[in-house]
There are 2 protein chains.
Amino acid sequence: MRTHLLIATAVFAVSSCIAPQTVSSPTSEATNSASNLYDKVLSETRARLDSAIGNPIDVPVPLDAGGGYTHEQHKRNAKAIYQAGLLYEATGERKYLDHAVRLLDSYVELYPTLGLHPKQKEQTPGRLFWQSLNEAWWLVYTIQGYEIIRDDLADDKRGEIESELIRPMAEFLSEGQPQTFDKVHNHGTWATAAVGMTGYVLGDQSYVEKALLGLDRSGTGGFLRQLDELFSPDGYYNEGPYYQRFALMPFVLFGQAIQANEPERGIFERRDGILEKAILSTIHQNYAGLFFPINDAIKDKGIATQELLYGVAVAYELSGDPALLSVVAEQGRVVPTEGGRQLATDLSAGKAEPFPYQSMRLRDGANGDQGALDVLRASDDPNGFTAVVKNTSQGLGHGHFDKMGLLVFDRGSEILRDYGAARFLNIEAKYGGHYLRENDAYAKQTIAHNALVVDRTSHFGGVTEEGNKHRPDIGDFVIGERISATSASIDKAYPAVTLTRTVALVNDPALEAPVLIDLVRGAGEGLHDFDLPWHYNGQLVETNYTIDADTIARAPLGDQAGYQYLWKVGEAELPNAQAQTTLLLDNRFYSLTSAVPEGTHVLLAELGANDPDFNLRREPALILRTPLSRSASFATVIEPHGEYNGIDEFTLASHSQIERVEHVEGDGMDVVQLHLKSGETVSVGLAGKSGSSEQHIMQTDSGAVSWTGPYEVIGSDQGE
Amino acid sequence: MRTHLLIATAVFAVSSCIAPQTVSSPTSEATNSASNLYDKVLSETRARLDSAIGNPIDVPVPLDAGGGYTHEQHKRNAKAIYQAGLLYEATGERKYLDHAVRLLDSYVELYPTLGLHPKQKEQTPGRLFWQSLNEAWWLVYTIQGYEIIRDDLADDKRGEIESELIRPMAEFLSEGQPQTFDKVHNHGTWATAAVGMTGYVLGDQSYVEKALLGLDRSGTGGFLRQLDELFSPDGYYNEGPYYQRFALMPFVLFGQAIQANEPERGIFERRDGILEKAILSTIHQNYAGLFFPINDAIKDKGIATQELLYGVAVAYELSGDPALLSVVAEQGRVVPTEGGRQLATDLSAGKAEPFPYQSMRLRDGANGDQGALDVLRASDDPNGFTAVVKNTSQGLGHGHFDKMGLLVFDRGSEILRDYGAARFLNIEAKYGGHYLRENDAYAKQTIAHNALVVDRTSHFGGVTEEGNKHRPDIGDFVIGERISATSASIDKAYPAVTLTRTVALVNDPALEAPVLIDLVRGAGEGLHDFDLPWHYNGQLVETNYTIDADTIARAPLGDQAGYQYLWKVGEAELPNAQAQTTLLLDNRFYSLTSAVPEGTHVLLAELGANDPDFNLRREPALILRTPLSRSASFATVIEPHGEYNGIDEFTLASHSQIERVEHVEGDGMDVVQLHLKSGETVSVGLAGKSGSSEQHIMQTDSGAVSWTGPYEVIGSDQGE
Ligand SMILES: [Zn+2]
Ligand SMILES: [Zn+2]
């Protein structure tokens with residue numbers, strides 16, 4: 001076998017050391033190698049393909065939309081061609097080549113007969129699939145499998161496959177749909193990757209140049225432009241991590257191919273190594289293995305998805321960073337390529353080091369000036385106490401209206417959560433697996449988030465185009481031993497109202513464990529109602545307020561902007577402008593203690609009103625509501641505490657350690673004081689837009705508090 | 001050191017091979033031994049105690065009820081005395097003996113000053129604790145620790161501890177409360193065990209004899225009588241597994257002590273080895289590590305509780321059965337005794353074999369004639385497809401009104417569930433951790449179960465005393481390759497109505513996987529409303545009926561017998577007397593397809609009405625309701641199917657494979673036919689009260705079906 005042109009296969013060539021006997025069939029008792037993730041994936045792949053080889057080829061006439069039978073079958077076939085190539089390479093067994101050829105032959109017959117797909121989607125129809133995006137995906141997989149077997153085909157067979165299938169498809173995806181191919185968008189990346197990879201395999205440099213520089217080869221479109229614009233300088237993708245991992249795939253695969261064929265282009269050095277940054281930032285955007293569920297995210301997607309298996313393999317090839325092996329251990333599987341084999345081998349050899357999960361700001365926008373995703377982690381434990389503040393841009397069509405929305409996680413679970421997307425992916429009975437109407441009507445709306453709502457309407461009036469125009473003005477992001485914090489504000493989410501949020505992770509010797517300070521403010525002209533929702537996970541165990549519950553009748557909380565999906569289930573007045581709520585989730589307690597404006601009350605809610613098709617999960621929320629005010633500030637301490645041990649029957653520290661939260665507001669600066677039941681006080685100075693040497697001083701009931709720079713803890717141990 | 005008298009410590013003596021250096025302190029890097037569960041528990045225990053030794057002794061004046069501070073502190077002290085003994089034995093370090101003595105000294109000072117506890121509970125107050133049960137528990141732990149250090153104490157110290165503390169407490173627990181001590185009840189067992197173990201340690205045979213035979217030494221009370229009556233011949237305890245594991249503890253510990261001191265009593269041979277049977281049956285009553293949550297069960301209790309750690313250690317000592325090592329692996333920990341060391345050593349040595357989880361009938365009642373708990377398991381996988389049918393007696397004061405209630409589990413999760421107890425154990429903010437009023441008012445009621453309700457009232461009118469008088473008449477229990485099944489009926493749950501339920505686990509080549517057939521019938525005089533509730537887990541994805549949902553207002557489903565806690569959330573008419581509902585839970589689909597009486601409709605419900613304190617979990621249910629009928633039969637196929645894979649984005653077999661269920665009813669026999677979408681038919685003959693050679697023949701729409709014996713599958717492969 002020769003050296004191949006696409007990395008995913010080229011690396012296989014490097015590994016011609018993989019003799020057939022190392023591929024353990026599932027029936028052989030390769031007990032030892034079972035511990036190696038590479039052997040495992042290879043034997044699984046082999047078992048799957050061996051069983052498929054016994055069955056007739058199924059290449060149906062395109063008929064169904066996404067999720068339907070023909071759609072899924074064509075996807076399966078592309079994967080089979082790809083995997084047949086990999087197994088042919090790994091084992092040398094002719095039956096795999098034959099299987100790939102049988103499939104390709106069927107497509108050679110079918111493809112020339114096809115017009116546009118009968119269920120064509122919007123402006124970007126495909127031929128095999130309802131949208132050309134899927135067709136590009138199909139070619140990306142197929143061309144990698146084809147490349148491995150190509151040299152071992154007879155000339156006429158090769159000619160037939162290329163002239164009847166591969167070239168027509170590549171032409172269709174490029175010249176045939178310039179509006180997609182030249183677009184700086186992830187659909188464009190799939191198209192350019194498919195065509196460019198095809199160019200390398202067929203030795204057709206015109207394909208490669210169009211792919212890299214756009215159809216007119218000017219560089220205004222094409223892969224390089226996409227690479228320059230689709231990720232921020234920190235590797236953040238503006239639709240969020242759920243879409244990032246999908247967008248990442250063609251970048252990684254085509255990037256590898258460019259490096260293998262034209263290393264002089266230095267593709268992996270471009271933009272200061274943006275491809276590797278994009279891979280790493282995707283990893284950083286997970287909690288307990290799942291992506292932060294911002295925007296239209298399906299919540300079971302995480303780092304174990306195929307795209308990130310490839311991503312990690314490529315990143316490891318680039319850096320050899322042993323921290324990536326920890327990610328592999330979390331993923332629990334590898335891709336069946338040489339990159340995967342290397343990861344598995346090194347992991348088995350015990351070379352893994354902890355992945356450096358840490359607090360970080362991921363700037364949004366091609367130039368890094370479109371807001372940021374701010375992540376605060378109390379430790380490098382992937383299951384540790386973590387907050388995410390969504391100070392990003394809108395996130396385009398999949399974006400939610402949650403400016404400066406907050407997510408909180410602890411011990412592997414969501415504590416304050418985002419609904420994610422209202423969608424049952426691939427479940428036909430649920431509106432064909434598409435986004436449900438509740439996605440726009442509820443999941444995207446501001447009230448579905450831990451974000452401030454003004455006058456029961458969503459940010460930007462719920463209009464995506466308006467949202468796309470604006471992003472928060474981000475303040476200082478600081479990482480420190482005692483305090484790590486972020487701040488942002490926006491005055492465009494509502495007319496004539498400015499929203500501000502500062503979130504700080506605070507350590508102090510007087511506290512059992514780190515706590516979050518969450519300071520939210522809305523202020524503007526005229527009188528407004530301010531709602532701060534907390535979508536909590538767990539069971540309500542204790543409150544400092546008496547709930548007047550709706551015990552025998554329920555009504556929705558409103559009639560628009562998502563409120564119509566929430567049942568009002570209770571209401572409470574707040575004593576002394578303090579709200580304290582304690583939750584129990586699994587083995588730990590969580591208290592939210594807030595200083596709120598006078599006149600604020602609490603609404604308790606549960607999702608599920610106006611849901612005739614039972615499409616929404618039943619999840620609880622509580623809402624702090626300040627009616628008819630010029631401004632409203634909510635200063636909350638979010639405090640994990642204690643332990644509930646049901647097995648050994650004991651409970652520790654089930655009550656909050658906080659007696660009262662005091663909030664003093666100044667001009668561009670705030671003090672939040674945690675008055676503890678122990679008698680100690682922890683003061684936190686917050687001035688999210690000040691130079692590091694700027695001096696602040698504020699008066700509180702218990703005396704003056706002064707600090708320097710944006711954020712500081714004036715701790716229990718520093719006196720007052 | 002000498003040979004000790006109580007097994008839990010005597011076995012330690014056997015293991016004097018445990019030199020101090022094998023006890024790895026948490027700071028030493030005993031990396032290798034970290035994999036050994038015994039070393040782990042010993043080093044954890046040592047760390048805990050070493051830290052306690054640094055702090056002042058805390059022996060407070062009794063004040064608080066269960067869950068309160070002084071209550072918990074006295075419990076902690078007993079454990080500390082016990083653990084100090086174990087560590088003194090294991091390490092020989094004097095500081096552990098000293099710590100035990102310091103604690104005992106404080107109790108020597110305190111105990112003589114105490115009258116009855118200020119918060120005394122009902123008829124059985126203690127002195128250290130609000131109930132004497134806790135006091136017995138305290139002495140069981142303390143006497144084991146004391147026994148280890150006793151010989152190394154000065155005579156006067158020993159005399160003081162025994163005359164001021166141990167003897168007075170033993171007297172208080174025996175002569176001081178004859179009504180509890182002589183009672184055939186688990187509270188009595190704790191008392192007899194405490195007093196009997198004390199007798200062996202002090203060498204006072206009168207204590208031992210009272211403990212074994214009752215205060216009057218006649219055998220009408222005492223431990224032996226308790227052993228004879230509290231477990232059924234199959235080792236089932238009539239309150240269910242949650243209480244069984246607690247009741248088991250004194251049996252196991254005192255049993256060991258009797259064996260060590262008076263082996264001639266053959267305590268472990270008594271009643272054909274009832275103690276070992278009780279331990280094993282407790283293990284069998286778990287799913288995915290948690291006990292079947294029947295009766296007042298807290299759902300997070302399972303096989304990893306202390307009681308069953310001891311139980312497994314003792315069972316292993318008795319039988320050496322390597323299947324128990326699999327249980328240890330599931331438990332993930334061992335007790336810090338020689339028994340625990342042996343388990344850990346053998347587990348580490350790879351000696352474990354699978355525990356034989358299997359279908360079984362556990363008869364209830366001292367003579368095995370009070371109904372049965374019937375368990376149907378599709379495999380020996382502890383996380384496999386499993387059904388539990390509660391054909392037991394009432395279960396006394398902790399019993400629920402769920403005659404012939406059904407639980408279904410699959411892939412480690414509940415599919416059709418029981419609410420368990422409405423209680424937040426040890427959570428002070430929730431009614432002091434006691435049973436909530438919703439426990440009686442909802443959790444115990446029939447509608448809270450997957451059990452047939454007549455006229456919206458609970459079995460036995462919800463009166464425990466009435467329930468205690470009756471139990472189901474159980475039919476044949478059969479285990480087979482193609483079908484395993486159980487049947488039972490009762491005519492006393494409602495006046496003039498007979499309830500019958502047959503549950504069968506069925507295998508057939510035409511089915512993707514085993515299914516459950518659930519045939520429920522109510523029949524009697526006059527017209528009744530019949531409600532069959534399904535408390536399902538997961539998300540509703542598909543129904544064959546159109547739901548008329550309560551989208552903008554909700555009201556409770558009723559006003560008594562638990563109905564008042566369920567919101568009505570929707571209603572549906574059923575086409576063709578067939579109900580089909582498909583759920584999605586994690587990665588698998590579950591369809592319930594029922595043949596129901598004409599006129600039956602579906603009610604959809606969610607828990608949480610009339611719950612002003614947010615005490616209840618929000619869980620969904622659906623109810624098949626047949627109004628105003630003389631009888632109603634519901635023949636349901638419960639079918640796990642397909643796969644939802646969110647990570648790799650595919651879905652398989654999301655629809656039920658069942659087109660229609662046909663039910664033909666005869667005199668004491670039924671046929672349930674599964675008409676599959678594939679065109680095949682699987683017929684199941686059910687006649688739960690017939691001899692194994694009895695012939696049955698019934699006519700169905702598609703011809704005659706005949707079978708022999710109680711249950712048979714006339715499969716798709718057998719023609720018709
Ligand atoms: Zn969202
Ligand atoms: Zn129950």
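Just so it is clear: chains get the letters A, B, ... in the order the sequence lines come, proteins before strands, and each one is counted from 1. Side chains are part of it too, since the values below use all heavy atoms of this structure and drop only hydrogens, waters and symmetry mates.
Contact annotation for B:Asp559: neither backbone nor side-chain heavy atoms come within less than 4.5 Å of a heavy atom of chain A. With a threshold of 4.5 angstrom between heavy atoms, B:Asp548 does not approach chain A through any atom at all. B:Lys299 does not touch chain A: none of its heavy atoms, backbone or side chain, sits under 4.5 Å away. Heavy-atom distances place the side chain of B:Ile298, and not its backbone, under 4.5 Å from chain A.
In terms of heavy-atom pairs under 4.5 angstrom with chain A, the leader among B:Tyr565, B:Tyr644, B:Phe650 is B:Tyr644. Between chain A and the options B:Gly570, B:Pro556, B:Ala609, the largest number of non-hydrogen pairs under 4.5 Å is found for B:Pro556. In terms of non-hydrogen atom pairs under 4.5 Å with chain A, the most contact-rich of B:Thr546, B:Thr551, B:Leu540 is B:Thr551.
Within a 6.0 Å radius of CD in B:Glu649, other residues, nucleotides and ligands contribute more than 12 heavy atoms.
Ion pairing between A:Asp648 and B:Arg333 holds under the 4.0 Å rule for side-chain N and carboxylate O.
In terms of modelled atom types and a separation under 3.5 Å, the side chain of A:Thr651 and the main chain of B:Asn426 share a donor-acceptor contact.
How far CD1 of B:Ile552 is from CZ of A:Arg554: 15.5 Å, rounded to the nearest 0.5 Å. Atoms CD1 and CG, from B:Ile427 and A:Leu584 in turn, are 4.5 Å apart once rounded to the nearest 0.5 Å.
Closest approach of B:Pro612 and A:Ala549 over heavy atoms only: CA-CB, 3.6 Å.
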